[in-house]
Novice: 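Attaching a single structure in structure tokens format; questions to follow.
In what follows, residues are counted from 1 in the order of the sequence shown. Both counts, for ligands and for their atoms, begin at 1 and track the order of listing.
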Amino acid sequence: MSKHITQQVTKGVLILTINRPEKRNALTQDMYQALTDGLEQASKHDDVRAVLIQGSSSCFTAGNDLKDFQSIDQPPEKLPVVQFLRCLLDFDKPLIAAAAGAAVGIGTTLLLHCDLVYAGEDTRFQLPFTHLGLVPEAGSSLLLPQLVGYPRAAELLLLGDAFDAKTAKQMGMINQVLTSKELLPFAKQQAQRIAALPTEAIDASRKLLRQPRRKALRRTLEAELTCFFNALSSKESKRAIKAALKRVSGD
Ligand SMILES: C/C=C/C(=O)SCCNC(=O)CCNC(=O)[C@H](O)C(C)(C)COP(=O)(O)OP(=O)(O)OC[C@H]1O[C@@H](n2cnc3c(N)ncnc32)[C@H](O)[C@@H]1OP(=O)(O)O
């Protein structure tokens with residue numbers, strides 16, 4: 001368990017909270033492991049009928065910890081981030097997200113796996129993979145064009161510009177934009193509403209919604225992972241990540 005991921009069960013909802021404010025909730029391998037453990041536990045326990053993933057009311061996550069990228073020394077297969085992505089894809093209960101402030105990289109792509117996504121007025125989404133010499137992950141090269149159409153997905157994934165919650169809502173990426181005060185309570189309320197509905201009907205409906213894209217998504221995720229970890233070991237990416245770290249931390 002990571003001290004940066006907290007767990008709480010309330011009215012049938014497991015709330016996984018990302019809590020590393022001093023680094024804008026950037027995700028380390030320990031944190032991915034804790035998120036995976038949380039999802040696996042939720043899957044096993046009948047009293048958990050939905051999961052809410054959230055950060056604070058001012059920050060969701062700045063994405064993968066950039067320093068962590070520099071210190072990866074094990075084969076991708078063993079990496080918690082890879083296990084987390086596979087777990088996300090196969091997760092069998094409703095998944096709700098509340099994203100405030102920064103939602104960068106995997107902070108945006110993980111939302112594409114959620115059933116309900118709520119964002120704050122201040123949320124800034126960004127998919128800066130190419131800036132870092134990297135490629136899309138989490139199945140986003142399939143899910144994003146399906147959601148918003150190819151031209152917009154290509155713009156977001158190739159140019160990597162940040163965009164706001166209003167734009168994300170207009171594109172159909174998220175369900176609703178709320179004030180920062182409303183966001184977390186509203187997302188919790190929606191998660192509890194789902195958790196209170198007949199479980200078998202919810203699970204079967206969710207399966208039906210996901211079934212048509214399941215195989216293609218799995219293939220895409222695996223192809224992206226190969227490409228991503230090849231890119232991560234390239235000189236181009238090492239240079240770009242070093243520059244990004246210098247920009248955000250001065251290191
Ligand atoms: C498989 C997954 C792939 C991916 O997720 S790829 C995406 C990787 N993420 C990024 O490239 C985002 C990098 N961060 C940023 O662009 C900015 O930050 C934000 C827009 C998220 C927030 O900006 P602001 O509010 O001005 O905060 P600040 O001053 O830049 O950062 C505050 C502290 O947070 C640390 N930090 C921010 N993001 C990361 C990160 N991704 N990895 C590691 N540390 C990060 C900084 O260093 C600094 O910390 P210190 O004050 O101790 O220097």
Novice: May I ask you to list the atoms of ligand 1 that are less than 4.0 angstrom from any heavy atom of S249?
Specialist: 47 (O), 53 (O)
Novice: Can you list the ligand 1 atoms lying under 4.0 Å from a non-hydrogen atom of G105?
Specialist: 4 (C), 5 (O), 7 (C)
Novice: Considering all protein heavy atoms, does one lie under 4.0 Å from atom 15 (C) of ligand 1?
Specialist: yes
Novice: Find all atoms of ligand 1 within a distance of less than 4.0 Å from any non-hydrogen atom belonging to A102, and give their numbers and elements.
Specialist: 21 (C)
Novice: Hey, is the main chain of P136 close enough, under 3.5 Å, to the side chain of S141 for a donor-acceptor pair?
Specialist: no
Novice: Answer with side chain, backbone, both or neither: which part of E137 has a heavy atom less than 4.0 angstrom from an atom of ligand 1?
Specialist: side chain
Novice: Does D90 pair with R214 as a salt bridge, N-O distance under 4.0 Å?
Specialist: yes
Novice: Is the shortest N/O to N/O distance between L66 and ligand 1 below 3.5 Å?
Specialist: yes
Novice: Against heavy atoms of L132, which atoms of ligand 1 measure under 4.0 Å?
Specialist: 6 (S), 7 (C), 8 (C), 11 (O)
Novice: So if I count the atoms of ligand 1 from 1 in the order they appear, which ones are less than 4.0 Å from some heavy atom of G63?
Specialist: 5 (O)
Novice: Please list, in number order, the atoms of ligand 1 under 4.0 Å from a heavy atom of R247.
Specialist: 16 (O)
Novice: Which label fits F69 and F228: parallel for a plane angle under 30°, tilted from 30 to 60°, or perpendicular past 60°?
Specialist: tilted
Novice: Do L27 and D65 have side chains that get closer than 4.5 Å, going by heavy atoms?
Specialist: no
Novice: If the condition is side chain to side chain contact (heavy atoms under 4.5 Å, CB included), which residues does K166 pass it with, not counting sequence neighbours?
Specialist: D164, Q170
Novice: Under 30°, 30 to 60°, or over 60°: which ring-plane class applies to Y118 and F186, parallel, tilted or perpendicular?
Specialist: perpendicular
Novice: Is there side-chain contact between L39 and L95, with at least one heavy-atom pair below 4.5 Å?
Specialist: yes
Novice: Side chain, backbone, both or neither: which part of L245 has a heavy atom under 4.0 Å from ligand 1?
Specialist: neither
Novice: Would you say atom 33 (C) of ligand 1 touches the protein, meaning some protein heavy atom is under 4.0 Å from it?
Specialist: yes
Novice: Please indicate, with yes or no, if any protein heavy atom is found under 4.0 Å from atom 6 (S) of ligand 1?
Specialist: yes
Novice: Hey, which atoms in ligand 1 end up nearer than 4.0 Å to a heavy atom of F69?
Specialist: 3 (C)
Novice: Report, as yes or no, whether the 6.0 Å neighbourhood of atom CD on Q146 holds more than 12 heavy atoms from other residues, nucleotides or ligands.
Specialist: yes
Novice: Should one rank R20, E224, H131, R24 by closest heavy-atom distance to atom 24 (P) of ligand 1, which comes out on top?
Specialist: R24
Novice: Considering only heavy atoms, does A62 approach ligand 1 within less than 4.0 Å through its side chain, its backbone, both, or neither?
Specialist: both
Novice: To which of I106, V248, T108, N64 does the heavy atom nearest atom 46 (C) of ligand 1 belong?
Specialist: V248
Novice: Identify, by atom number and element, the atoms of ligand 1 in contact range of A26, meaning under 4.0 Å from any of its heavy atoms.
Specialist: 39 (C), 40 (C), 41 (N), 42 (N), 43 (C)
Novice: Look at ligand 1 and say whether E22 reaches it with a heavy atom at a distance under 4.0 Å.
Specialist: yes
Novice: Is there a donor-acceptor pair under 3.5 Å between the side chain of S249 and the backbone N or O of L245?
Specialist: yes
Novice: Does an N or O from K23, backbone or side chain, lie closer than 3.5 Å to an N or O of ligand 1?
Specialist: yes
Novice: Would E77 and R86 pass as an ion pair if we require N to O under 4.0 Å?
Specialist: yes
Novice: When you measure from the side chain of N25 to the backbone N and O of I18, does any donor-acceptor pair fall under 3.5 Å?
Specialist: yes
Novice: Is there side-chain contact between R206 and D115, with heavy atoms separated by less than 4.5 Å?
Specialist: yes
